[in-house]
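Lettering follows sequence order; numbering is per chain, from 1. This structure is a prediction, so every number in the text was calculated from the model and none was measured.
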There are 2 protein chains.
Amino acid sequence: MTIIFSKKCEYGLQACLYLAAINTGAVIPSGEIAKQLKIPKEFISKILQSLTTSGLIYSKKGKLGGFSLAKDPSKIKLIDIVTAIDGLQLFEKCVLGFPNCSPDTPCPVHDKWGELRTKAYQMLTDETLDAFTEKTLRKIKNL
Amino acid sequence: MTIIFSKKCEYGLQACLYLAAINTGAVIPSGEIAKQLKIPKEFISKILQSLTTSGLIYSKKGKLGGFSLAKDPSKIKLIDIVTAIDGLQLFEKCVLGFPNCSPDTPCPVHDKWGELRTKAYQMLTDETLDAFTEKTLRKIKNL
DNA sequence: CTTCATAAAGATTATATATTCTTAAAATGA
DNA sequence: TCATTTTAAGAATATATAATCTTTATGAAG
Ligand code: SF4
Ligand code: SF4
């Protein structure tokens with residue numbers, strides 16, 4: 001079940017964190033990424049393709065081909081990946097599903113939700129991928 | 001697109017907030033609830049049926065039938081409705097979609113996400129439905 | 001007892017998302 | 001040049017969620 005981000009987005013984040021963590025400039029074939037993250041090769045391949053279009057990922061076809069980050073990990077934030085895959089609706093829509101979100105007609109949980117939303121946004125914006133290396137490696141090792 | 005809660009859950013929350021806000025003990029036909037919230041009658045009807053099974057909603061068949069809260073608004077929390085419809089997975093699973101959530105192998109955003117999750121849980125647990133009356137009525141009037 | 005409005009129940013359809021499959025194009029190296 | 005490995009692209013399938021429809025049971029009122 002989707003929690004906050006779509007599966008696509010979750011896997012996209014995982015793959016980018018992985019690529020940042022191993023920290024080789026080299027391209028990694030989708031099969032290797034899939035094996036490390038224990039997810040289907042075809043699926044992560046498709047997701048990384050779309051991130052290639054967004055300019056976050058570099059891909060190389062053919063033998064010795066694969067995927068790598070298009071920029072240095074210190075230049076990529078989690079929010080960039082979320083934006084590219086799920087978009088920013090999460091930070092624009094009401095938790096209660098009311099339409100016409102505006103401070104004029106606040107929904108019942110407006111104040112508290114607004115604050116949480118801001119913090120969540122910060123969480124995705126504050127740090128760049130290189131800050132997560134250690135935890136990512138430990139997490140992946142224990143999958 | 002689903003944001004945090006499923007559509008079912010969003011509408012369930014809206015309907016309960018509405019029933020609490022109008023604050024008549026009387027049963028309200030699904031058609032009236034649907035009209036107020038501007039959502040399909042059949043859908044909200046189905047959702048309220050399931051909340052009836054959960055014991056949050058009272059329903060009465062036949063002419064002059066309809067739905068009402070099964071308890072006093074001051075006895076119902078938002079989390080009760082969320083639990084009944086979507087369950088509590090949101091507060092148990094990892095934002096990044098890694099399996100095996102545990103403090104031993106924290107995912108890269110464990111600390112920050114954990115804090116937000118706690119606050120979100122509190123937001124749904126702190127107050128009872130009667131606290132939202134005013135804002136609910138204003139919101140519904142402007143739909 | 002009959003009529004009518006309603007919820008209950010469950011089948012059905014529609015839509016979105018997730019996943020897999022197939023074929024083509026590219027790049028490498030023999 | 002040719003065989004091989006890989007991504008790209010997009011079709012096809014599966015699954016989950018959302019929404020609607022149909023039928024039945026219920027209960028109130030005439
Ligand atoms: S009132 Fe708050 S939670 Fe509701 S729609 Fe507006 S911003 Fe979102
Ligand atoms: S590390 Fe934190 S965010 Fe990740 S699964 Fe565990 S609790 Fe969830």
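- Defined by atom type and a distance below 3.5 Å, a donor-acceptor pair is present between the side-chain atoms of A:Asp86 and A:Ser6.
- Following rounding to the nearest Å, B:Ile57 (CD1) and C:dA8 (P) show an atom-to-atom distance of 10 Å.
- When the P atom of D:dT6 is taken as reference, atom NZ of A:Lys35 falls 12 Å away, rounded to whole Å.
- In this entry the distance linking NZ of B:Lys8 with C1' of D:dT20 reads 14 Å, nearest Å.
- Among the nucleotides C:dA18, C:dA8, D:dT7, the one closest to any side-chain atom of A:Lys7 is C:dA18.
- Rounded to whole Å, the distance from OH on B:Tyr58 to P on D:dT26 is 14 Å.
- The distance from atom CD1 of B:Ile85 to atom P of D:dT17 is 13 Å, rounded to the nearest whole Å.
- Side chain of B:Arg117 to main chain of B:Val95: no donor-acceptor pair is present (N/O by atom type, distance under 3.5 Å, no hydrogens or angles).
- To the nearest 0.5 Å, the span separating CG on B:Asp72 from CG on B:Asp130 amounts to 7.0 Å.
- For A:Tyr11 and B:Thr53, each mapped to the nucleotide of DNA chain C holding its nearest heavy atom, the one lying further toward the 5' end belongs to B:Thr53.
- Regarding B:Ile44, its CD1 atom lies at a distance of 13 Å from the P atom of D:dA18, rounded to whole Å.
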Side-chain polar contacts of residues 43-55 of chain B - donor-acceptor pairs under 3.5 angstrom, sequence neighbours left out - could you list them?
residue	atom	partner	partner atom	Å
B:Ser50	OG	B:Ile47	O	2.8
B:Thr52	OG1	B:Leu48	O	2.8
B:Thr53	OG1	B:Gln49	O	3.3
B:Ser54	OG	B:Ser50	O	3.0

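- Between B:Asp111 and A:Lys135 a salt bridge is recorded (basic side-chain N to carboxylate O distance below 4.0 Å).
- Counting to the nearest Å, the C1' atom of C:dA7 and the CD1 atom of B:Ile33 are 11 Å from each other.
- Other cluster members for B:Tyr58: B:Val27, joined by side-chain heavy-atom distances under 4.5 Å among Ile, Leu, Val, Met, Phe, Trp and Tyr.
- Residue contacts for B:Gly31: at a heavy-atom cut-off of 4.0 Å it reaches no nucleic acid atom on any strand shown.
- Residue A:Ser30 places at least one side-chain N or O under 4.0 Å from the OP1 or OP2 atom of D:dT7.
- One can place CG of B:Asp86 at 15 Å from P of D:dA16, the figure rounded to the nearest angstrom.
- Remark: B:Ser59 is in phosphate contact with C:dA8, judged by side-chain N or O atoms under 4.0 Å from OP1 or OP2.
- There is no side-chain donor-acceptor pair under 3.5 Å between B:Glu10 and B:Gln14.
- With distances taken from any side-chain atom of B:Phe67 to the nucleotides D:dA8, C:dA7, C:dA18, the minimum falls on C:dA7.
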Can you check nucleotides 20-29 of chain C for protein contacts, nitrogen or oxygen pairs under 3.5 Å, and list what you find?
residue	atom	partner	partner atom	Å
C:dT28	OP1	A:Lys60	NZ	3.0

